[in-house]
Amino acid sequence: MFIFSVSILLAIDLVEIENNTSVLADEFIAHRLGLIPLASARVRDFKYTRDCNCSQYCPDCSVELLLHVRCTGDQTRDVTSDELISNHDQVKPVSQGTGIVIVKLRKGQEIKLRCIAKKGVGKEHAKWSPVTSVAFEYDPDNLLHHTNYWTETDVDKEWPKSVFSESDSYGNVGEKYDSKAEPEKFFFTVETSGALKPEEILLSAISVLQGKLGSVQLHLEAESRNQ
């Protein structure tokens, strides 16, 4: 949804590969690296690269991550996101106990590269999206009769109740659709990538939207004064 696509995040945007003798092409590995979620609690400490005074990137607008792994054993070696070394203490790959597999190496194969993480928003690219899925509902008990449930005998037994349900039944299922009925509540379910907490994502998105709406209001007021 749009409100979550404007949340600000850090993600790998540039990959400089020095050596890659794995079976995966450079572009394939770069794409996988870009989709690795990075802890972004301090994202507001950084500038957008386009707004920075540096020529390409610097510590004010980016974070550097290094990866250098060589397989020396006879068994296949999994290279994971946990092996990315960041130059920022609080901007690291999100880990749930085991890292995300980047590439697999056989004996003698090597991967050596440098990544540059930059600040961006989800509407620019999916790698800057802080959520993996967003869902919402406005009528968990179908009290507005906007949904028809196909049933054999009993709708309450055959259709599972929502976690947001506030009643034991779906009400009068036989009532007709009411086009004028309007919802009063909206229930959101947000699944994050781990880069930000759900409440941080929501507050960040609201802050960005407030800034954009404020900018529109100022421009409209300026135009009205000039007329």
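Hydrogens, waters and symmetry mates play no part in the numbers below; they use all other heavy atoms, side chains included. Keep in mind that what you see is a predicted model, and the values were worked out from it rather than measured.
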Starting at [atom1] of [X], measure out to [atom2] of [Y] and round the result to the nearest 0.5 Å.
X      : Y      : atom1 : atom2 : value
Ser169 : Asn142 : OG    : CG    : 10.5 Å
Cys61  : Gln56  : SG    : CD    : 9.5 Å
Lys119 : Asp60  : NZ    : CG    : 11.5 Å
Ser40  : Gln90  : OG    : CD    : 11.5 Å
Cys71  : Asp78  : SG    : CG    : 9.5 Å
Lys104 : Arg106 : NZ    : CZ    : 11.0 Å

Can you check whether [X] reaches [Y] side chain to side chain, under 4.5 Å on heavy atoms?
X      : Y      : answer
Pro198 : Thr192 : yes
Val79  : Leu67  : yes
Ile36  : Ile102 : yes
Thr98  : Thr80  : no
Ile12  : Leu38  : yes
Leu202 : Val190 : no
Leu33  : Leu113 : yes
Leu65  : Pro93  : yes

Would you kindly confirm whether [X] and [Y] end up in one hydrophobic cluster when ILVMFWY residues are joined by side chain heavy atoms under 4.5 Å apart?
X      : Y      : value
Phe46  : Tyr48  : yes
Phe28  : Ile100 : yes
Phe136 : Leu144 : yes
Val134 : Leu196 : yes
Val94  : Leu9   : no

Side chains of [X] and [Y]: donor-acceptor distance under 3.5 Å anywhere?
X      : Y     : result
His68  : Glu83 : no
Ser204 : Arg44 : yes
Ser22  : Asn20 : yes
Ser86  : Glu64 : no

*Over all heavy atoms of both residues, which pair between Tyr138 and Pro183 is shortest? Give the atoms and the distance, please.*
CD1-CB, 3.4 Å
For atom [atom1] of [X], is the number of surrounding heavy atoms from other residues, nucleotides or ligands below 6.0 Å larger than 12?
X      : atom1 : result
Glu199 : CD    : yes
Ile85  : CD1   : no
Glu221 : CD    : yes

*Step by step, would you call Thr153 with Glu158 a side-chain contact (heavy atoms from CB on, under 4.5 Å)?*
CA-CA 8 Å; Thr153 56; Glu158 296 172 26; 3.0 Å; yes
*asked:* For a side-chain contact (heavy atoms from CB on, under 4.5 Å) check, start with the C-alpha distance between Ile17 and Asn19, then their side-chain angles and the critical distance, and finish with the verdict.
replied: CA-CA 6 Å; Ile17 296 180; Asn19 189 20; 6.0 Å; no
Any donor-acceptor N/O pair, [X] side chain to [Y] backbone, under 3.5 Å:
X      : Y      : result
Ser162 : Pro140 : no
Asp141 : Glu166 : yes
Trp159 : Asp154 : no

*Check side-chain contact (heavy atoms from CB on, under 4.5 Å) between Glu16 and all other residues, then give those that pass, not counting sequence neighbours.*
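For Glu16, the residues satisfying side-chain contact (heavy atoms from CB on, under 4.5 Å) (neighbours in sequence not counted) are Leu14, Tyr57, Arg114.
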*Results of side-chain contact (heavy atoms from CB on, under 4.5 Å) for Leu35 - residues two or more places apart only*: His31, Lys127
*Report the C-alpha distance between Glu137 and Lys161 in whole Å, list the side-chain angles of each, state the deciding distance to 0.1 Å, and finish with yes or no for salt bridge (charged side-chain N to carboxylate O under 4.0 Å, His left out).*
CA-CA 12 Å; Glu137 56 182 306; Lys161 302 294 290 184; over 6 Å; no
*Between Phe187 and Phe164, what is the ring plane arrangement, given parallel below 30°, perpendicular above 60°, and tilted in between?*
parallel
_Let's go through Asp13 and Ile116 carefully: what are the C-alpha distance in whole Å and the side-chain angles of both, what is the deciding distance for side-chain contact (heavy atoms from CB on, under 4.5 Å) to 0.1 Å, and is it a yes or a no?_
CA-CA 6 Å; Asp13 190 52; Ile116 303 298; over 6 Å; no
*Glu110/Arg77 ion pair, N-O < 4.0 Å*: no
*Could you go through the side-chain contact (heavy atoms from CB on, under 4.5 Å) check for Ser81 and Ser95 one step at a time?*
CA-CA 8 Å; Ser81 57; Ser95 178; 5.9 Å; no
